[in-house]
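Here is the structure we will look at.
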Amino acid sequence: MIELINISKSYPTSELYSDLNLRLNAGDKVGLVGRNGTGKSTLFKLILGEEHQDAGEIKFPKAYRIGTLKQYFNFTEKSLIDETALALSEDDKYDIYKAEKILFGLGFTLDDLEKDPKSFSGGFQIRINLAKLLLTEPNMLLLDEPTNYLDILSIRWLKAFLKSFPGEVILITHDRDFMDSVCSHTLGIVRKSAMIIPGGTRKFYEQIAANEEHHEKQKIAQDKKIKDLEEFIAKNKARAATATLAQSKVKILEKMDILEDIQFDSNLNFDFNYKDTSAKFLVEVKDLSFGYSADNILFENITFALSRGETIGIIGKNGKGKSTLLNVVAGELEQLSGSVNFHPSCEFGHFGQTNISHLNQNNTIMDEIYSVNHKLPEALIRSICGLMMFSGDNAKKKISLLSGGEKSRVMLGKIIAQDVNLLFLDEPTNHLDIDSIDALTNAIKAFEGSCMIVTHSEELLRAVCDRLIVFTNDGALYFNGTYDEFLEKIGWEDDDGSEKKKVVKPKRTKKEIKKLRAAIVIEKSKTTAPIKKEIEELEAIIPSLSGKQKSQKSTELLDLQNRLEKLNEEFDIKLNEV
């Protein structure tokens, strides 16, 4: 169990929490939601002791271990097993078997152990970090956006792993489907306090809406009562006959707990401006191929036509060329062969991972919006900034001062400032919170034009995509159907998210077996020696004891003997597995 009691935290420019309270029980898996800037990541830092609360207390059970999954990769060793073994404690530093067991459980094979950790894909590099984390034997996992930059297969695998994790989890993610499938509870930071309920995010937001509706009704009734009391007091306080009664009403008014107006968070709420077109097909792609060299071809002979009002999703493992395909079609990169033909009336907006770096760091938000359409009056530019949640003086913030999520909203604002009939969107949900992703999804669905979208969000794929381009181990293929139809008819190669990947371990050499068995014997001796010593000491003193004390020590002896027997069995299993 972990408990946060009356936590308050402020910065010079804002107050995050005021008397925040939270209690987690054994086995709880909690999804943490709240608008960007409400302090979700800061709450993790408080729990980890990386920052300190202004007031309140955080309580943990004795010897409670908390682990957090690193999103960055800083591998220093030349082999997977040596890199993973860095996480072994001083007592276990020679127990390589322990590291191997966890790596095999996470889908690595014996052949992988000597490979360079940097040679693995992003999804498997996340697993290396997870293996190192699990070697510390944490009771709780704190995960801040663990799905960022993972492909669909890696996300599915991580989902299955977290469901089976025996300890507690607190998870921050913009992927609502991922959160709801993993978590038993939803915790929200709402108006500087915490609210937790059993169930998923939709149930949580329904509860918030119901609470707000109830509060509003109470507020209306209270405001009417206050008005009636004030009118009665004003009419009767000066008359001798009714002054006493008026004074009693004053006391009622003074004792009343006045309900505050609800301060609603600003919401991202927008539509893309559609430029009318009579085109049947906005872009036609024929035999398109691309590679950074003749020996490094990412995709070849891709052919498709994007009709008006249609959305194509581009999906597949990381590093296969999804974003590259989008950039080639958008003209950011030049193809090796093939053609991309736009209809003369086509106007497109491009939201890309590389585009954010194109923002002028010295510009204000208003400057950036203006840069794509010089015809817009200031009032309309301010209106677009407001839609992107940059109201008032915030619209004059410099790009260099913005977070990743804020820069993403600026990019969306720049697209809104243009009249377009085709959208190129590369991972548009990264850095957005759940509410903003809902708004973006609705805007794409409402858009009358066409869209090409790269995403790892299965929820977004299901919501907006009519057809797919799927990158596989053998290249890219066009699929004429929805994402659910793709899963039903083809499915993912090596999909270890829904069923555990079978790991075939080659036979070990005699030298490897001898080394592993020796390590297990050393670990067994080190673990059982203190227990054997206690048993010997008790066996020596029990005969000289009498009565209650003898009974007590005999019970202790029995417990120790059972514990020793269980440990011996566990180590025997380890030896047999080798």
Has [X] got a side-chain atom pairing as donor or acceptor with [Y]'s backbone, closer than 3.5 angstrom?
X    : Y    : answer
T84  : K132 : no
K407 : L359 : no
R382 : G392 : yes
D82  : E77  : no
K40  : G34  : yes
T68  : L142 : yes
N363 : I399 : no
N21  : D19  : yes
D54  : S10  : yes
N139 : R65  : yes

Looking at every non-hydrogen atom in both residues, tell me the closest pair between [X] and [Y] and how far apart they are.
X    : Y    : value
P146 : I172 : CD-O, 3.4 Å
A87  : T136 : O-CG2, 4.4 Å
T76  : E83  : N-OE1, 2.9 Å
K163 : V182 : CG-CA, 4.4 Å
L460 : P428 : CD2-CG, 4.5 Å
P117 : L80  : CD-N, 3.9 Å

How long is the span from the [atom1] atom in [X] to the [atom2] atom in [Y], to the nearest 0.5 Å?
X    : Y    : atom1 : atom2 : result
S436 : L440 : OG    : CG    : 9.0 Å
E231 : N236 : CD    : CG    : 11.5 Å
I220 : Q218 : CD1   : CD    : 11.0 Å
T364 : L401 : OG1   : CG    : 11.0 Å
L253 : K225 : CG    : NZ    : 9.5 Å
E51  : L43  : CD    : CG    : 11.0 Å

key: cation_pi(R409, F390) dist<6.0 Å, angle<=45   = yes
query = Taking the six-membered ring of F232, is the NZ or CZ of K249 close enough (under 6.0 Å from the centre) and on axis enough (within 45°)?
reply = yes
task = Please work out whether the ring planes of H350 and F348 are parallel, tilted or perpendicular, with thresholds of 30° and 60°.
result = perpendicular
key: Parallel, tilted or perpendicular: ring planes of H374 versus Y370, cut at 30 and 60 degrees   = perpendicular
Going by an N to O cut-off under 4.0 Å, is there a salt bridge joining [X] and [Y]?
X    : Y    : answer
D223 : K219 : yes
E368 : K414 : yes
D438 : R176 : yes
E459 : R202 : yes

With a 3.5 Å cut-off and no angle check, do the side chains of [X] and [Y] form a donor-acceptor pair?
X    : Y    : result
Q125 : N129 : no
T147 : D175 : no
D367 : N360 : no

request  = Report the C-alpha distance between L20 and K9 in whole Å, list the side-chain angles of each, state the deciding distance to 0.1 Å, and finish with yes or no for side chain to side chain contact (heavy atoms under 4.5 Å, CB included).
outcome  = CA-CA 9 Å; L20 180 147; K9 179 68 178 176; over 6 Å; no
message = With side chain to side chain contact (heavy atoms under 4.5 Å, CB included) as the criterion, how do L376 and I384 come out once you've worked through the C-alpha distance, each side chain's angles and the decisive distance to 0.1 Å?
response = CA-CA 10 Å; L376 294 180; I384 292 171; 4.1 Å; yes
inquiry  = Show, in sequence, the C-alpha distance, side-chain angles and deciding distance for Y64 and E168, and conclude whether the side-chain hydrogen bond (donor to acceptor under 3.5 Å, both in side chains) test is met.
reply    = CA-CA 11 Å; Y64 193 78; E168 293 77 65; 2.5 Å; yes
Do [X] and [Y] have side-chain heavy atoms sitting under 4.5 Å apart?
X    : Y    : answer
E427 : H456 : yes
L423 : M452 : no
C465 : I453 : yes
L187 : F204 : no
L143 : L162 : yes
K98  : L135 : yes
F178 : L158 : yes
L171 : L141 : no

task = Might you work through the side chain to side chain contact (heavy atoms under 4.5 Å, CB included) test for F351 and F424, ending with a clear yes or no?
result = CA-CA 6 Å; F351 177 96; F424 293 127; over 6 Å; no
request  = Show your working on side chain to side chain contact (heavy atoms under 4.5 Å, CB included) between L130 and F124 and close with a plain yes or no.
outcome  = CA-CA 9 Å; L130 186 57; F124 273 86; over 6 Å; no
